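Worth saying up front: this structure is predicted, and the values here are computed from it rather than measured. Values below: every heavy atom of this structure, side chains too, minus hydrogens, waters and symmetry copies. All residue numbers refer to positions in the sequence shown, counting from 1.
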Amino acid sequence: MTQLGSATIESAYARLDEEDREATRLAHDPGTYQRGVPYAELARLRARHGVVPVAEPALPGWPEGSGYWLVLRHEDVERVVKDAATFSSWLGGTQIRDPGSEPDLAFVRRMMLNMDPPEHSRLRRMLAKSFTPRAVARLEEQVRTHVTGIVDRMLGDAASGTCDFAKDVAADLPLLTLADVLGVPAQDRWLLFDWSNRVIGWQDPDYATSASFDPASGTDMAREALALRPSPGPDGLMPDPRSREGMLDLYTYAHALGELKRADPGDDVMSMLMAQRDDSGGSVTVEEFENLFWLFAVAGNETLRNGIPGGMQSLLWHPDTQQALRQDPSLIGPAVEEMLRWWTPVMTFRRTATRDVTVAGVPMARGDKVVVSFASANRDPALFASPDTFDVRREGARAHLAFGHGPHFCLGAHLARVQVRVMFTELLTRTSWIEAAGEPAWLRSNFQRGVKRLPIAWRR
């Protein structure tokens, strides 16, 4: 058996029966998710334990780990992510897999995603101030323009057709919107696609070496950064994307962009951020800008990029619901919340206990890894009746945790909701029917519920 961390984790794991152990193995194994989320096993563990110990055996690119507590109930997940003083993002980072070295840990601690208050609060306040009502209104209008263009390209002049919805449609909207937010030239946006793939899909061979961007179509800034793109090592694996060396092309591009925004600001959110002052009169450093760029390029992309095809998959699996939305477009707004709940693009996040603490009657020791399962919490029958049913008329669907909760609640949640709503409104208005045109392909990841391919057929 994998060596577990604290004595409390080890003794709790020893008390699990074999069926529960197998359920935890399935929940942890990234390969499981290529077949689908193990909802039946998560439901069993949630009902029997609420919080369960999980072993971390060695996996490709993932050394043997110390094990962790998996928190499964909605109420307990909310408690953990809200209490940064007890459950730290900074101590061990927010990914289940530990950073590979102390320098790697020190590096990820500089990212806003892996900060605790008050450092996190300082950057978040400055970022929130940059999303002014005027800036958000302009972004919403740009979203509508982008969606119209994307659907125009999808449909063309044909009466019917097919496409890979995940790559050809869903991927481009968050990229275009992120380019607007970050002030990235639109022709460079597919760099963001590759960077997201490498960070989120490091466990998946299709994504780990992603190279969709065409240098000939990009700016000089993009080509200069791309020249520093890391290469796979002798083992065929890319460097750890959580290290600076593993994403040197991203950081080089971000540094050049940050310097440009400071010297020649535009009307984008990042230009406004570079002009902000904190409570002490300080400004965002270029290094902080680089790490915020990483956060937006990855976190700001992946939730939506997988949430939109996840929403489409829900309609393909539930044709009666697709018909209902066509007949009554007022249901599309509530449907967005149910899509986010039912699909849950970000499935897990990690914290580290700063002290001995008890959650759901389970004692945890200081230093233990504590992993929240948003996938399980969003199917908790204590909050959502018939949680495995996709119901766009569900009361209280917005209580989902697809955007997190507490200090790290997603700053882009409003804009993400706008993008999903506008996309499905446009698609359902301009087509008469959409159906599957082949088998989908899911990402090999226990972190993101990713959609690699989603072939669809449509007709006007």
salt_bridge(D194, R229) N-O dist < 4.0 Å: no

Parallel, tilted or perpendicular: rings of W62 and H28 (30°, 60°): perpendicular

Any donor-acceptor pair under 3.5 Å from D204 side chain to S445 backbone: no

Residue among L72, V52, L26 satisfying side chain to side chain contact (heavy atoms under 4.5 Å, CB included) with L42: L72

Any side-chain donor near an acceptor of the partner, H414 and E140, under 3.5 Å: yes

Residue list, side-chain contact (heavy atoms from CB on, under 4.5 Å) with T303, at least two apart or on another chain: P345, V346, F403

Parallel, tilted or perpendicular: ring planes of F349 versus F447, cut at 30 and 60 degrees: perpendicular

Parallel, tilted or perpendicular, as decided by the 30° and 60° cut-offs, for the rings of Y251 and F107: perpendicular

N114 side chain vs M111 backbone, donor-acceptor pair below 3.5 Å: no

Under-4.0 Å salt bridge between E338 and R341: yes

Side-chain donor-acceptor pair present, W195, D249, cut-off under 3.5 Å: yes

Partner residues of Y33 under the side chain to side chain donor-acceptor pair (under 3.5 Å) criterion, sequence neighbours left out: none

Centroid-centroid under 6.0 Å between F384 and H400 rings: no

Gap separating the NE2 atom of H74 from the CZ atom of F374, nearest 0.5 angstrom: 9.5 Å

Distance-only donor-acceptor check, side chains S243 and D104, under 3.5 Å: no

Plane angle bin for W342 and H318 - parallel if under 30°, tilted between 30 and 60°, otherwise perpendicular: perpendicular

Expected output: side-chain E78 to main-chain H405 donor-acceptor under 3.5 Å: no

Donor-acceptor side-chain pairing of R366 and T354 below 3.5 angstrom: no

Side-chain H-bond candidate by donor/acceptor type, R305 with N197, under 3.5 Å: yes

R44 with D17: basic N within carboxylate O range, under 4.0 Å: yes

CG-CZ distance between L59 and R97, expressed to the nearest 0.5 angstrom: 10.5 Å

Over 12 non-hydrogen atoms of neighbours within 6.0 angstrom of CZ in R48: yes

R394 side chain vs A385 backbone, donor-acceptor pair below 3.5 Å: yes

Salt bridge (charged side-chain N to carboxylate O under 4.0 Å, His left out) against R350, all qualifying residues, sequence neighbours excluded: D98

L250 vs F293 side-chain heavy atoms within contact, under 4.5 Å: yes

Considering all heavy atoms, the nearest F289-A254 contact: CE2-O, 3.4 Å

Check: D164 main-chain N/O paired with D168 side-chain donor or acceptor under 3.5 Å: yes

Short side-chain to backbone donor-acceptor contact, T321 and D391, under 3.5 Å: no

Expected output: side-chain S314 to main-chain G311 donor-acceptor under 3.5 Å: yes

Check: Q34 main-chain N/O paired with R444 side-chain donor or acceptor under 3.5 Å: no

Option among E41, E18, E19, E56 that satisfies the salt bridge (charged side-chain N to carboxylate O under 4.0 Å, His left out) test with R25: E18

Within 6.0 angstrom of E75 CD, more than 12 heavy atoms from elsewhere: no

T348 side-chain N/O to V371 backbone N/O, donor-acceptor pair under 3.5 Å: no

